[in-house]
Amino acid sequence: MKDAAYDLAVFPGDGTGPEVVREGLKVLAALAEGGPAPWHATEYPGGGQYYLLRGKEWEPEAEAAAHRADAILVGAVGWPGAFLPNGDLAGRSLVLGLREQLDLFANVRPCRLYPGVTHRISGKYRDVWTPQNVDMTIVRENTEGLYTPARGRLTRGGETEVAIDTRVITRKGTERIVRYAFDLARSRPGGAPEDRVRRATCVDKSNVLEGCRFFRETFDRVGKEFPDIERDYAYVDAFTQWLVRNPEHYSVVVASNMMGDIITDLASVLQGGMGFAAGANIGKDHAMFEPVHGSSPKHAGRNEVNPFATFFAIEQMLRWVGQRHADPRMTAQADRLESAVARTLADGTAKTYDQGGSVTTSAAGDRVAAVVRSERR
Ligand code: IPM
Ligand code: MN
C-alpha cells in the first residue's frame, strides 16, 4: 500500500473523449468524497486536435507525466484531417505510442451484459443475449502482431508501388499474453456462463498462418501449466459466428493484436454497444485505461454520447491499482463504482441515445455520481 496519493494522469484527447472523461472525473470525485481520497487526477491536453493547433501531439511534460503516473486514463484520440507527416493518425502517441513505449502487452476487454442494458439484435433472437449468458473477457496481445512498427511503402507512386505490414509473433510476446489469459481464467471462479467451466479460448487462423500456428503451440505449452483450465480453440472466422450465436460458451478469449482488435468491436454488440466497452492496457509496471469507442467526431460537442465505457475503464483502473499495491481501499472504491453503475443501469435512469433514451452525457454522469453518494456508508 502506498502512503502518498496515487497519481492518475488523465488525457481527455479528441472529440467526445473530453465529454466522457469529464463525467468519469465527476464520478471519481463523488467516490473520493466517501473517505480519504487516495488519488489525485491531473489532466493533460493532447491528441489530433491539439496537433492541428500546436503542431505536436502533446507536450513533453504530458508524456513524462504518463510515464511516471501510477495509472493513465485516456478518453479518445483521432480527428478528421489530423495526420502526422508520415500519414499516421495524429494522437497515436497517446494510445499506440504508450502501448509501445510502456510495453503494455495485455489489452484486457471485459464483455458483460448488465441487467437493464438493451442490445440491438431483433426478432426471435432477442433473447439470445441475456445478462446471464454474456460474461467474458477478451485478452488481446497489444505490442506486436500486425501492429509491429515494421511497415512501409516501396516505389511510392510508381506502377510497382508496394505496401508492406509485417506480422511479428514472438515467443516472449505470445507466452506472456497466453499466461495472462490462463491466470485470468483461473481468477474467474464462475467460469463460462454455459457450464461454469473455467475455459480459455485461443482465437487464431492456424489453419493458414505460421504465426498463428506458433501462437497456438505456445497457448498449448503454457496451458499445460494450468490443468484446471479447459483449453478451447477457434479459427477467427468461425469464431465470429460462434461468439454471436453462443456467447455463453466463452469465459476468457485470447487473440493476437489485429484479430483481438476486430473481435472486441464485434463483442461489444453483445454488451449493448461500444458505449459500454472498456479496455485496460496492462504492462509489468504501467497501465493505461480507456473507453474503446473512438472520438466520434459526428457526436462531438453534442453532450449525447454514452459515458458508461469510461466508468468501466475507471473501475478497471481502480481495481488494477488496488491489486498492484495490495491496497484494499482502491479495490473497495472499484466495487463501489461497479455497484453504482450496475444499479443505475438496472433502473434505466441514464439511457443515452444509443440505448434508445434521451439522457445527456452529463446527466448520465450526474446520475451515477448521485448513486455513488447515496450508497456512501
Ligand atoms: C482500439 C483502437 C486503436 C487500435 C486505434 C485507435 C489505433 O481501435 O484500441 O481498439 O487499433 O488498437
Ligand atoms: Mn479497435
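All ligand and atom numbering here is 1-based and tracks the order in the structure.
- Side-chain atoms of Thr166 come within 3.5 Å of backbone atoms of Ala150 as a donor-acceptor pair (strictly under, hydrogens ignored).
- Side-chain atoms of Glu290 never come within 3.5 Å of backbone atoms of Ala76 as a donor-acceptor pair (strictly under, hydrogens ignored).
- Side-chain contact annotation: Ser256 with Glu141, donor-acceptor N/O pair under 3.5 Å absent.
- With hydrogens and angles ignored, the 3.5 Å screen pairs no side-chain donor or acceptor of Glu338 with any backbone N or O of Ala334.
- The aromatic rings of Phe276 and Phe312 sit tilted relative to each other, their planes meeting at an angle between 30° and 60°.
- Counting protein heavy atoms only, atom 11 (O) of ligand 1 is closest to Tyr147 OH, 2.5 Å.
- A continuous path of hydrophobic side-chain contacts links Leu31 to Met330 [ILVMFWY only; heavy atoms under 4.5 Å].
- Judged by the shortest distance from any of its heavy atoms, Val95 lies outside the 4.0 Å radius around the atoms of ligand 1.
- Put simply, the residue from Arg196, Arg199, Arg198 that forms a salt bridge (Lys or Arg N to Asp or Glu O under 4.0 Å) with Glu230 is Arg199.
- The shortest contact between atom 1 (C) of ligand 1 and any protein heavy atom is with Arg109 NH2, 3.3 Å.
- Of the protein's non-hydrogen atoms, Asp261 OD1, 4.2 Å is the one closest to atom 2 (C) of ligand 1.
- Which parts of ligand 1 touch Arg99 is read off a 4.0 Å heavy-atom cut-off, strictly below it: atoms 1 (C), 4 (C), 9 (O), 12 (O).
- For atom 4 (C) of ligand 1, the nearest protein heavy atom lies closer than 4.0 Å.
- Listed by number with element, the atoms of ligand 1 under 4.0 angstrom from any heavy atom of Leu96 are 7 (C).
- Residues passing the side-chain hydrogen bond (donor to acceptor under 3.5 Å, both in side chains) test with Asn86, sequence neighbours excluded: Asp88.
- At the shortest separation from atom 6 (C) of ligand 1 among protein heavy atoms lies Leu89 CD2, 4.6 Å.
- Residue contacts with ligand 1 include Arg140, since one or more of its heavy atoms lies under 4.0 Å from the ligand.
- Residues in residues 182-207 take part in these ring-ring contact (aromatic ring centres under 6.0 Å, His included) pairs, two or more places apart or across chains: Phe182-Phe219, Phe182-Phe226.
- For the salt bridge (Lys or Arg N to Asp or Glu O under 4.0 Å) test, residues two or more places apart in sequence or in another chain that qualify with Arg213 are Glu210.
- Contacts with ligand 1 closer than 4.0 Å are made by no heavy atom of His293, backbone or side chain.
- Grouping the Ile, Leu, Val, Met, Phe, Trp and Tyr side chains by contacts below 4.5 angstrom, directly or via other members, places Val74 apart from Met317.
- Ordered by chain and number, Asp261 OD1 make up the set of protein N, O or S atoms under 2.8 Å of the Mn ion (ligand 2).
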